[in-house]
Amino acid sequence: MSTTAELLKGAAELFPDEVVTQAHVRHLDLPFGAGRFALITLDNGFDHTKPTTFGPQSLANLNAALDQVEAEAADGSIVGAGITGKPFIFAVGADLKGVELLKNHDEALAIGKGGHDVFKRLAALAVPTFAYYNGAAMGGGVEVGLHCTYRTVSKALPAFSLPEVFLGLVPGWGGCTILPNLIGAEKAVSVIIENSLNQNKQLRGKQVFELGIADALFEGADFLEQSLLWTAKVLKGDITVERPEIDRGEAWDQAVAKGRFVADSKVHGAAPAAYRALDIIAASKDGDLQKGFDAEDQALADLIMGGELRSGIYAFNLVQKRAKRPAGAPDKNLARPVTKVGVVGAGLMASQLALLFLRRLEVPVVLTDIDQERVDKGVGYVHAEIEKLLGKGRINQDKANRLKALVTGVLDKAEGFADADFIIEAVFEEMSVKQKVFAEVEAVAPAHAILATNTSSLSVSEMASKLQHPERVVGFHFFNPVAILPLLEIVRGERTDDASLATAFAVARKLKKTAVLTKDAPAFVVNRILTRFMGEIQNVIDEGTPVATAEKAVEPLGLPMSPLVLLELVGPAIGLHVSETLNRAFPERFTVSPNLKAVVEAGKRGFYVYDSGKPELDPEVAALLVQGDSVLTEEQVRARVLDAVAQEIGLMLQEGVVAEAQDIDLCLITGAGWPFHLGGITPYLDREGVSERVNGKRFLAPGVASVPA
């Protein structure tokens, strides 16, 4: 047994639940008399819901297939070899399930070396090798193709990426080393660092070709046939693939420096993966591939045994698995059909909601408001957004016409809502206003209609308390921007019945939102945590800590934006309103900042001005601030903020606001953009010892988002 085979056999014992990928070798005669060709096809069965991945046993299967191909190449019985995937899927990288079970550095190192040893055999074959990216290719799926001599890509390919940095790893089976030596450091940094840290941005087939990763681009319908024709011409010398010379001078160093700037702006040094990847790219400047592969092995092993990767995998599983099976959701068979939607209000939020319901449900949507001008403006917004989709080629003219015809606006709720199945209000965040709206809607809506509120902090139960049928009222809290942020907090009031709740979850699925069930508690999940977080920042500023110090203190969390920039995005008035709501509910923990109140009363849109191109404290805001003389260090501010967040999460779990800590993290990731490398927040609080310091125990068991004990 070869050393590689022994290594993979040992590693396979650590991956008991691996979805095993097979590597089938078949032979064919290439056209134009080019000769006999070996084609390896990767598949794990033709169930397209199960992507093809690489775990130890899968790598062993590919290794065995290469034994055969290597022998054929050596004796001259084939002129070339290729690798492709099952329909629509090439391969989506390493099987991460078993990674969580690895307990020491040597086990982790074996995974890196095993992948390298197998993939390098493609480059070492005595004949040219070809990768045919016929479908989705990510991580190790991209990297196996990089080891080939040539690559083709399908125009229909929907997703291509090296997402490892996003999860807390590096592209460790050749990606960090081969890619910059293939397309140059600048483009490689864009793919490996920028795309990963930009919410795991995916490339499409044409972009893969334009970057120079693939040498030829073909239509999806006959992709493999065209790729083989192209292969024959390459082997016969009729086509010569020319690649641009790589700039290994100052441009390489500048690309790495730019990558560090991007990493600093996104994670602020808080997560090591991006920096380890950039170190390897920098070291690959001289073209020494083996040195790069060795560095990839070490980086993989170090990161696999680090907390960030475990948190990244935990976050990935939350988004991919828990989000699809919401904790506490009622039997979906209780859900009622929704064939028409009503929206109360025609402002920006209401108009965004109308557009979302229209696009996803493709049913009639009717908006109402207090005057015709507002109604017309709301319908006009939806029409304009449909025109934008048409202009971008996202929809055709027929669909644009159909969608426009489905959205209408009326002043009379009786006229608009008499046959609506689902009615959502998006009016001013004031209890009396919302109660009045619901009373008017209940008087004209059918008995089965769901009455949903987009409230961000008010009690759903109180809102429904004066209705004849409070059981059909449900909280349906979206996050701004509605089209981008996936989270939808579904709030069960004290008297909400299962059928109404089931319908709400069914609608959420059709809207393609991540639905999390929450108790009817003040500000629900995200706003409660963010308000406590922001409240402590505002408290230390009020007490005397400089604004810059307070902001910089939380940079190590690697949040998508600083607290005061987030406040500007939300709107100071809304932030003040939510803090007042929570202050009434929990005055011992939630304060109302007098400085924030002064900023709102002065009509300021935020704390910063951007005249210089970067945020600087607005002099007019600075003049409004009244501060004490208690100045804290960054470390003291950070400890105080994290302690407050840990306390609040502990209390929320005690109150049963959500089922588990996992739901807190899912909400923060999908509703507030908190980073995957944190796993939301609770793994970070556990890892830093904050959970035990504040609550006397961890939020998650050892081994969940952390290295097993």
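Quick caveat: nothing in here was measured; it's all calculated off a predicted structure.
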Exercise for the section: Evaluate the criterion side chain to side chain contact (heavy atoms under 4.5 Å, CB included) for residue pair Ser58 and Asp95; output intermediate values, then yes/no. Expected result: CA-CA 9 Å; Ser58 301; Asp95 186 331; over 6 Å; no
Exercise for the section: Assess whether side chain to side chain contact (heavy atoms under 4.5 Å, CB included) is satisfied between Arg322 and Val516, documenting all intermediate values. Expected result: CA-CA 9 Å; Arg322 191 176 184 90; Val516 175; over 6 Å; no
Practice task
Test Phe533 against Trp674 for ring pair (Phe, Tyr, Trp, His ring centres under 6.0 Å), laying out the working first.
Solution key: CA-CA 13 Å; Phe533 174 85; Trp674 282 37; 5.8 Å; yes
Exercise for the section: May I have the step-by-step check of side chain to side chain contact (heavy atoms under 4.5 Å, CB included) for Phe316 and Asn200, ending in yes or no? Expected result: CA-CA 11 Å; Phe316 183 81; Asn200 193 21; over 6 Å; no
Handout entry: Working for ring pair (Phe, Tyr, Trp, His ring centres under 6.0 Å), residues Phe218 and Tyr133
Key = CA-CA 10 Å; Phe218 298 114; Tyr133 291 124; over 10 Å; no
Practice task
For Leu557 and Leu642, run side chain to side chain contact (heavy atoms under 4.5 Å, CB included): C-alpha distance rounded to whole Å, both residues' side-chain angles, the deciding distance at 0.1 Å, then the answer.
Solution key: CA-CA 10 Å; Leu557 275 72; Leu642 292 176; 4.0 Å; yes
Problem - From CA spacing to verdict: salt bridge (charged side-chain N to carboxylate O under 4.0 Å, His left out), Glu194, Lys258 - result: CA-CA 10 Å; Glu194 291 187 75; Lys258 179 184 177 183; 3.7 Å; yes
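Side-chain atoms of Thr682 and Asp665 form a donor-acceptor pair, as typed in the model, at a separation below 3.5 Å. Side-chain atoms of Gln202 and Ser161 include a donor-acceptor pair closer than 3.5 Å. Side-chain contact of Asn63 with Arg121: a donor-acceptor pair under 3.5 Å is present, judged by distance alone. Thr21 and Thr52 are not linked by any side-chain donor-acceptor pair at a separation below 3.5 angstrom, with hydrogens and angles left out of the test. In this model, no donor atom of one side chain and acceptor atom of the other lie less than 3.5 Å apart for Glu219 and Ser154. Checking Tyr610 against Asp618 by side-chain atom types alone, no donor-acceptor pair falls below 3.5 Å. Neither side chain, Gln298 nor Asp302, offers a donor N or O lying under 3.5 Å from an acceptor on the other.
Between Lys552 and Glu555 there is no salt bridge, since no side-chain N of the basic residue sits under 4.0 Å from a carboxylate O of the acidic one. Salt-bridge annotation for Asp286 and Arg248: absent, with no side-chain N of the basic residue lying under 4.0 Å from a carboxylate O of the acidic one. Using a cutoff of 4.0 Å between basic side-chain nitrogens and carboxylate oxygens, Asp643 and Arg638 are not scored as salt-bridged.
When the shell of 6.0 Å around NZ of Lys120 is examined, it contains more than 12 heavy atoms from other residues, nucleotides or ligands. A 6.0 Å sphere centred on CD of Glu250 holds no more than 12 heavy atoms belonging to other residues, nucleotides or ligands. Atom NZ of Lys285 has more than 12 neighbouring heavy atoms from other residues, nucleotides or ligands inside a 6.0 Å radius. In Glu186, the CD atom is not crowded: 12 or fewer heavy atoms of neighbouring residues, nucleotides or ligands sit closer than 6.0 Å.
Only one option out of Tyr314, Tyr684, Phe166 pairs with Phe676 in a ring-ring contact (aromatic ring centres under 6.0 Å, His included); it is Phe166. When each of Ile83, Ile178, Leu125 is checked for a side chain to side chain contact (heavy atoms under 4.5 Å, CB included) with His147, only Ile178 meets the rule. Evaluated for a side chain to side chain donor-acceptor pair (under 3.5 Å) with Asp686, the options Ser691, Ser311, Ser706 yield exactly one hit, Ser691.
For the atom pair SG (Cys176) and CG (Asp279), the distance works out to 10.0 Å, reported to the nearest 0.5 Å. Note that the CD1 atom of Ile183 and the CD1 atom of Ile246 stand 8.0 Å from one another [nearest 0.5 Å]. In this structure, CD1 on Ile537 lies 9.5 Å from CZ on Arg640, to the nearest 0.5 angstrom. For the atom pair CZ (Phe209) and NZ (Lys155), the distance works out to 9.5 Å, reported to the nearest 0.5 Å.
Using a 30° and 60° split on the angle between ring planes, Phe130 and Tyr132 fall in the parallel class, below 30°.
With a 4.5 Å cut-off on side-chain heavy atoms, Asp215 and Thr152 do not count as touching. By the 4.5 Å heavy-atom criterion applied to side chains, Pro486 and Phe479 are not counted as neighbours. The shortest distance between side-chain heavy atoms of Ile304 and Arg310 falls below 4.5 Å. Within the 4.5 Å cutoff, side-chain heavy atoms of Asp294 are placed close to those of Gln290. For the pair Leu678/Pro675, a side-chain contact is recorded, criterion being any heavy-atom separation below 4.5 Å from C-beta on. Proximity of Phe160 to Met138: side-chain heavy atoms (C-beta onward) are nowhere separated by under 4.5 Å. Residues Leu632 and Thr549 form no side-chain contact, since every pair of their non-hydrogen atoms from C-beta on lies 4.5 Å or further apart. A heavy-atom distance below 4.5 Å is found between the side chains of Ile192 and Ile281.
Between Phe119 and Phe54, the ring center distance clears the sub-6.0 Å criterion.
What you find for Gly140 and Trp173 is that their closest heavy atoms are CA-CE3, 3.9 Å. The shortest non-hydrogen separation linking Pro51 to Val92 is CB-CG2, 3.3 Å. Residues Thr545 and Ala550 share a closest heavy-atom pair of CG2-N, 4.1 Å. Nearest heavy-atom pair, Ala299 versus Ile280, reported as atom, atom and distance to 0.1 Å: CB-CD1, 3.9 Å. Closest non-hydrogen pair, Ala91 versus Leu42, comes out as CB-CD1, 4.3 Å. Annotation for Val165 and Ala277: closest pair CG2-CB, 4.1 Å, computed over non-hydrogen atoms.
Remark: side-chain polar atoms of Tyr275 are paired, donor with acceptor, to backbone N or O of Gly269 under 3.5 angstrom. The backbone N or O of Ser284 sits nowhere less than 3.5 Å from a side-chain atom of Asp288 that would complete a donor-acceptor pair. With hydrogens and angles ignored, the 3.5 Å screen pairs a side-chain donor or acceptor of Gln636 with a backbone N or O of Thr633. Although no hydrogens or angles enter the test, the distance criterion places a donor-acceptor pair under 3.5 Å between the side chain of Asn134 and the main chain of Lys86. Under the 3.5 Å distance criterion, the side-chain polar atoms of Gln207 are matched with a main-chain donor or acceptor of Arg204. Checking side-chain atoms of Thr514 against main-chain N and O of Leu487 turns up no donor-acceptor pair under 3.5 Å. Side-chain N or O atoms of Glu308 include none that pairs as donor or acceptor with a backbone N or O of Pro272 at under 3.5 Å. Judged purely by atom type and a 3.5 angstrom limit, Arg151 uses its side chain to pair as donor or acceptor with the backbone of Cys148. Counting only distance, with no hydrogens or angles, the side chain of Ser265 and the backbone of Val262 share a donor-acceptor pair below 3.5 Å. When atom types are taken as modelled, the side chain of Glu551 and the backbone of Ser562 share no donor-acceptor pair closer than 3.5 angstrom.
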